[in-house]
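Written below as structure tokens is the structure these notes are about.
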2 protein chains.
Amino acid sequence: MENKLAVQLLSSIAQEARLDIFRLLVQAGSEGLAAGAIGETLKIPLSTLSFHLKGLSVAGLINARQVSRFIYYSANYEAMNGLLVYLTENCCAGQQACCPDLSCNATDNEIKSCKEIKS
Amino acid sequence: MENKLAVQLLSSIAQEARLDIFRLLVQAGSEGLAAGAIGETLKIPLSTLSFHLKGLSVAGLINARQVSRFIYYSANYEAMNGLLVYLTENCCAGQQACCPDLSCNATDNEIKSCKEIKS
DNA sequence: ACAATATTTCTATATTTATGGAAATATAGA
DNA sequence: TCTATATTTCCATAAATATAGAAATATTGT
């Protein structure tokens, strides 16, 4: 990831309504939610919501797919993970004692290991 | 963490210069860097740099400490970690197959376990 | 007290972003 | 084709943010 892309992603969630939208979608899972459902849940006027959904989409932090009349929006987990890694890269001069070690979650196997420990 | 605080933190790094500054400090470790050293490394005019350092400080993402004539800025790792957790909380409807499981890094012991696996 | 260094504040200007009502577009069912 | 539903685009206005030169402030050594 490079600076400009990261700024795009960060800008897209650096706003109260958009952060709420994004977190809702992160929690909703890959199926996502229709625009109307998002607006209803978060009580956001539709034109405003549409403006923000577009911002998140253009940045690349959420995906949209049309299902008949509905448009389902979902979190782009890859983009999110890339951003988190970018932010914490080479943390603490390589000692990495002070930040979550995201690289331990970077591959599927490592994620599995991490979860096994937890359970 | 709550929405408004997270937006504050995100806004503070949702800008090219400030993201560079923050990442430089994340990598520098807890000792931090003097303002002048940051400006020199990143080629940012001092008044602009000062404006951005203030933004990051007010948001709470970096700390400042004065050492004689120098002011050392350092990353606030707690704030950063809190933000990362907030973003990924309850990811994927609790299945957490799609995002780094930061909660496995949430405590020191868990971080240790995670690292042991990796090595 | 003076000079040198480190950093911030002041200032004006330029740019970007957010808001929500009203109208437009798109899809689907009767 | 008519109607209802879902979502977006248009628009004007309001507000927040970024830039960097010049001047001001703070600290230290002589």
Short side-chain to backbone donor-acceptor contact, [X] and [Y], under 3.5 Å:
X	Y	result
A/Q27	B/E89	yes
B/T41	B/A37	yes
B/Q66	B/Y72	no
B/N76	B/N63	no
B/R18	B/S11	yes

D/dA6 C1' sits how many Å from A/L49 CG, rounded?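 That distance rounds to 11 Å.
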Whole angstroms only, please: what is the CG-P distance between A/L53 and C/dA18?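 Going from CG in A/L53 over to P in C/dA18 covers 13 Å.
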Would you call A/L5 and A/Y86 a side-chain contact if the rule is heavy atoms closer than 4.5 Å?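 No, too far: nothing below the 4.5 Å cut-off.
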I want to check something: taking the side chain as every heavy atom from C-beta on, are A/R65 and A/I71 in contact at a cut-off of under 4.5 Å?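 In short, these two side chains do not touch, never coming nearer than 4.5 Å.
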Run the side chain to side chain contact (heavy atoms under 4.5 Å, CB included) check on B/L19 and A/L87 step by step: do they pass? CA-CA 9 Å; B/L19 181 56; A/L87 289 177; 3.7 Å; yes
OP1, OP2 of D/dT7 versus side-chain N and O of A/K54: anything below 4.0 Å?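 Negative; the distance criterion is not met.
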Is the phosphate of C/dT8, meaning OP1 or OP2, less than 4.0 Å from a side-chain N or O of B/Y73?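 Yes, within the criterion.
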Let me check I have this right: for DNA chain C, each base becomes ., (, ), [, ] or |, based on Watson-Crick or G-U pairs with both distances under 3.5 Å. What is the full string? ||||||||||||||||||||||||||||||
Starting at the 5' end of nucleotides 10-25 of chain D, put B wherever the base has a protein heavy atom under 4.0 Å, S where only the sugar-phosphate does, and a dash everywhere else. --------BBBBB---
What is the nucleic acid contact for A/I71, judged by heavy atoms within less than 4.0 Å: base, sugar-phosphate only, or nothing?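 A/I71: backbone/sugar contact only, no base atoms under 4.0 Å.
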